[in-house]
Amino acid sequence: QKLRLPPGTPVLNTHIQHSADLRPETLRATFVQARDFFKHYLPSQDFKAFITYTWLLYPGLNKILPAESKILQFAEMWDVVSVVDDKTQALERIFGGRRRRKADYPQESSLQRLALKRMDALGYALGVIVF
């Protein structure tokens, strides 16, 4: 990635809101809109990529989520360049935080139930979309 994005290259940091629509067609339109917005309002900056740090990109999710998962479809859009086994962000986003005992974690959604069974599949990653 350093060849594609050398140090100092302007990038757009991407925040994924809770309950965001992760359908690929919606995301593609959002990325185009964001790129056009910044090109119009900050023309002096030549942004080259989107980046994000998120649990949604962690490769371990492939072990627990079904192939049709919107999370996995979202992850396929990004080139993952770094992974971290720290589960803190995933536990916060999926369960609202860490609990002392497994029995104390909520199990209301299929994602919560799957993650609880395979906490070793949680972490976070840095992803890049070069444009």
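Heads up: numbering here begins at 1 and tracks the sequence.
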Please report the shortest heavy-atom distance between [X] and [Y], naming the atom on each side.
| X | Y | result |
| --- | --- | --- |
| Met77 | Ile129 | O-CG1, 3.3 Å |
| Arg99 | Gly96 | NH1-C, 3.9 Å |
| Phe74 | Trp78 | O-CD1, 3.1 Å |
| Gln107 | Arg113 | O-NH1, 3.0 Å |
| Lys48 | Leu5 | CB-CD2, 3.8 Å |
| Gln112 | Ile94 | NE2-O, 3.0 Å |

With a 4.5 Å cut-off on side-chain heavy atoms, are [Y] and [X] touching?
| X | Y | answer |
| --- | --- | --- |
| Gln73 | Leu22 | no |
| Pro24 | Glu76 | no |
| Arg35 | Phe50 | yes |
| Leu57 | Thr52 | yes |
| Arg4 | Thr9 | no |
| Gln89 | Tyr58 | no |

Can you tell me how far apart [atom1] ([X]) and [atom2] ([Y]) are? Round to the nearest 0.5 Å.
| X | Y | atom1 | atom2 | value |
| --- | --- | --- | --- | --- |
| Glu92 | His18 | CD | NE2 | 10.5 Å |
| Phe37 | Leu12 | CZ | CG | 10.5 Å |
| Tyr105 | Leu116 | OH | CG | 8.0 Å |
| Thr30 | Arg23 | OG1 | CZ | 10.0 Å |
| Arg98 | Asp104 | CZ | CG | 13.0 Å |

Check whether more than 12 heavy atoms from other residues, nucleotides or ligands sit under 6.0 Å from atom [atom1] of [X], and answer yes or no.
| X | atom1 | value |
| --- | --- | --- |
| Glu25 | CD | yes |
| Phe131 | CZ | yes |
| Phe47 | CZ | yes |

Could you walk me through whether Met119 and Leu91 satisfy the side chain to side chain contact (heavy atoms under 4.5 Å, CB included) test, starting with their C-alpha distance in whole Å, then the side-chain angles of each, then the deciding distance to 0.1 Å, before giving a yes or no? CA-CA 9 Å; Met119 286 204 180; Leu91 294 174; 4.0 Å; yes

Please table the atom pairs, donor to acceptor, closer than 3.5 Å between any side-chain atom in residues 59-71 and protein atoms at least two apart or in another chain.
residue	atom	partner	partner atom	Å
Asn62	ND2	Pro59	O	3.1
Ser69	OG	Ile71	N	3.1
Ser69	OG	Leu72	N	3.4

*Apply ring-ring contact (aromatic ring centres under 6.0 Å, His included) to the pair Trp55 and Phe95, showing each step before the final yes or no.*
CA-CA 13 Å; Trp55 68 275; Phe95 299 106; 9.6 Å; no

- Item | Check: Tyr124/Asp85 side-chain N/O donor and acceptor closer than 3.5 Å | no

### Query
Under 4.5 Å between side-chain heavy atoms, hopping through other hydrophobics if needed: is there a path connecting Phe38 to Val32?
no

